[in-house]
Amino acid sequence: MIVEYLKEFNLVSVIVRLFLALVCGAAIGYGRSQKERSAGFRTYTLICLGAAMSVIITLYHNEMLQTQWAEIVARVGEKFDASRLAAQTITGIGFLGAGIIIKGAHQQVKGLTTATGLFTTVSLGLGAGIGFYECVIPALIVIIFVLNVMSPLEAEFKRRLRNITLNVEFDNVEDINQISEVITDQKAMIYDIDVERGESKGEKLCSAIFILQLSRQNSSHSAMLSSIAELSCVHSVHELIS
Amino acid sequence: MLSVLNGLRNVDLLGCVMRIIVACFCGTLIGLERSAKNRPAGFRTHILVCLGAAMAAMTGLYIYLVMELPTDIARISAQVISGLGFIGAGTIIITKKRTIKGLTTAAGLWTTGIIGLAIGSGYYELGIIGTAMVLLTETYLAKLGRLIQQSPEYIIEVHYNEKDTLDEVMRHCKDNRMSIVNLQIESLENDPDANYVSVIKVRGNMKSSELLRRLGGIAGIVTVETQ
């Protein structure tokens with residue numbers, strides 16, 4: 001009975017749906033706010049609210065066309081498309097997401113999870129706004145589970161993985177031999193070496209991306225990094241985390 | 001919806017003036033809150049977006065209701081959403097340290113635009129409630145977010161001379177239950193004081209000041225600071 005009331009278009013259900021959108025956005029934002037600091041939280045909530053509002057505007061249009069403007073509809077004809085406004089939110093958030101994605105150095109793409117998170121938030125907002133509680137509430141539970149339970153698990157899993165990708169800057173191409181020796185001394189396996197002879201900052205620096213598998217005994221990422229950094233020919237080492 | 005307002009929902013002079021005033025009002029409220037925090041998009045930007053969206057929505061209604069031309073009243077409004085997304089993408093800047101700035105601003109402008117669409121359509125209730133919720137998000141939710149945030153991440157920068165020093169630093173972090181998220185080591189050529197600098201991203205419940213205090217005592221450390 002309450003659910004039926006909340007599925008109708010009235011002031012109470014509108015407020016309930018907006019709060020539901022707020023909660024959805026906040027839930028996703030919380031899961032992401034670790035990485036983005038406080039910006040993540042508010043951004044997701046705002047986007048979710050906006051998406052819900054766009055759908056509620058559609059409901060309003062529909063209501064008005066059936067009551068106050070009904071005679072104009074009778075004269076001109078029904079041209080109303082109920083999903084138009086909602087559809088464009090998806091396009092709009094796609095654009096916004098594109099602005100977030102950065103091509104970092106060394107073939108790294110950053111910001112992708114943020115952008116896709118926004119996209120999901122919009123979908124939740126659309127569902128919440130139209131009163132599609134059957135979809136939104138289960139989806140919200142699953143998303144909270146995925147973000148807050150699985151995500152740290154994934155991070156922990158990756159950390160313990162023995163595969164690492166390192167970016168190393170050094171003097172000459174010949175130094176790769178030395179670096180490889182250090183790596184194999186630590187009983188690690190080299191999967192791939194990708195050399196870039198580049199001119200960064202005006203100096204002719206070489207850099208290479210090493211994809212390694214660390215040995216079972218010696219699986220500390222930081223130990224490998226410091227051993228490589230110890231070489232005099234090496235300028236910098238850092239781990240690429242995608 | 002409140003039926004008492006139905007008189008203001010028509011696209012006549014009274015309805016238009018009312019919509020413009022309310023759009024200005026809502027845009028001002030949101031804009032003031034943002035410019036109080038010295039955000040790049042302040043006061044004027046939010047009003048412009050809210051007004052612009054309201055006018056677009058009004059025009060869509062006018063074409064169908066007054067001029068009685070066949071069209072979908074929501075078409076222009078829909079494209080506003082798309083367009084604001086595009087503008088938002090351009091607002092986002094990537095700083096030198098490859099962090100994203102301006103995302104909340106872009107999202108706020110987008111939502112302000114949608115509030116403007118609601119007001120322009122004559123749906124004053126949603127405009128006001130929406131504005132209230134945006135303000136609620138900007139103020140209280142942010143505080144709530146900071147309160148329940150656990151295990152924050154931060155970055156420390158260590159200048160040192162020997163390789164062993166870094167191992168000590170790592171060991172101290174582990175002992176204090178701070179996990180290492182990311183690690184970068186660079187050798188310094190032009191620095192007379194230190195041979196290496198390491199930028200470490202740590203995650204854990206210990207405050208940065210406390211961690212720095214504990215790390216400062218390690219032998220071989222030249223400087224240690226947060227970024």
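Below, chain A is the first sequence line, B the second, and so on; all start at residue 1.
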Is [Y] close to [X] at the side-chain level, that is, under 4.5 Å between some pair of heavy atoms?
X      : Y      : answer
B:T111 : A:M53  : yes
A:Q68  : B:N10  : yes
A:Y60  : B:L126 : no
B:T71  : A:V76  : no
A:H238 : B:L183 : no
B:S77  : A:I57  : no
B:W110 : A:I47  : yes
B:E125 : A:V14  : no

Of the backbone (N, CA, C, O) and the side chain (C-beta and beyond), which part of [X] lies under 4.5 Å from a heavy atom of chain B, both, or neither?
X      : answer
A:R84  : both
A:L166 : neither
A:V234 : backbone
A:L65  : side chain

>> Checking B:I129 against A:L11 for the side-chain contact (heavy atoms from CB on, under 4.5 Å) test, could you report, in this order, the C-alpha distance in whole Å, the side-chain angles of both residues, the deciding distance, and whether it holds?
In response: CA-CA 10 Å; B:I129 297 176; A:L11 197 62; 4.1 Å; yes
Check each atom of [X] against the heavy atoms of chain A and say whether the ones under 4.5 Å are side chain, backbone, both or neither.
X      : value
B:Y64  : both
B:M133 : both
B:L69  : backbone

> With chain A, which of B:P70, B:A57, B:G88 has the greatest number of heavy-atom pairs at distances under 4.5 Å?
Replying inline: B:P70
>> Only pairs of heavy atoms separated by less than 4.5 Å count here; which of B:M170, B:Q79, B:R75 has the most with chain A?
In response: B:R75
>> Is there a side-chain contact (heavy atoms from CB on, under 4.5 Å) between A:R42 and B:E138? Walk through the geometry before answering.
In response: CA-CA 7 Å; A:R42 282 171 299 159; B:E138 298 283 6; 3.4 Å; yes
Can you see which heavy atom on [X] is nearest to which on [Y], and at what distance?
X      : Y      : answer
A:Q88  : B:S82  : OE1-OG, 3.2 Å
B:D167 : A:S226 : OD1-OG, 4.1 Å
A:L49  : B:V134 : CD1-N, 4.2 Å
A:L85  : B:A78  : CD1-N, 3.2 Å
A:A51  : B:I114 : N-CD1, 4.4 Å
B:A89  : A:F95  : CB-O, 3.0 Å

> Most heavy-atom pairs under 4.5 angstrom with chain B, which of A:D81, A:I15, A:T58?
Replying inline: A:D81
>> Please identify, among A:V12, A:I90, A:V73, the residue contributing the most non-hydrogen atom pairs under 4.5 Å to chain B.
In response: A:V73
>> I'd like to know whether B:T91 forms a side-chain contact (heavy atoms from CB on, under 4.5 Å) with A:L96, so could you lay out the CA-CA distance, the side-chain angles of the two residues, the decisive distance to 0.1 Å, and finally the verdict.
In response: CA-CA 9 Å; B:T91 310; A:L96 204 65; over 6 Å; no
> Any donor and acceptor pair, going by atom type alone, linking the side chain of A:S236 with main-chain N or O of B:I185 inside 3.5 Å?
Replying inline: no
>> Within this structure, what is the OH-NE2 distance for the pair B:Y123 and A:H61, rounded to the nearest 0.5 Å?
In response: 11.0 Å
Near [X] [atom1], under 6.0 Å, is it more than 12 heavy atoms from other residues, nucleotides or ligands?
X      : atom1 : answer
A:F80  : CZ    : yes
B:Y154 : OH    : yes
A:E78  : CD    : yes
A:K7   : NZ    : yes

> In terms of side-chain geometry, is the basic nitrogen of B:D72 or A:K79 positioned less than 4.0 Å from the acidic oxygen of its partner?
Replying inline: no
>> Go through it in stages, so that I can follow the logic: the residues are B:T104 and A:T43, the test is side chain to side chain donor-acceptor pair (under 3.5 Å), and I'd like the CA-CA distance, side-chain angles, deciding distance and then a yes or no.
In response: CA-CA 5 Å; B:T104 315; A:T43 308; 3.1 Å; yes
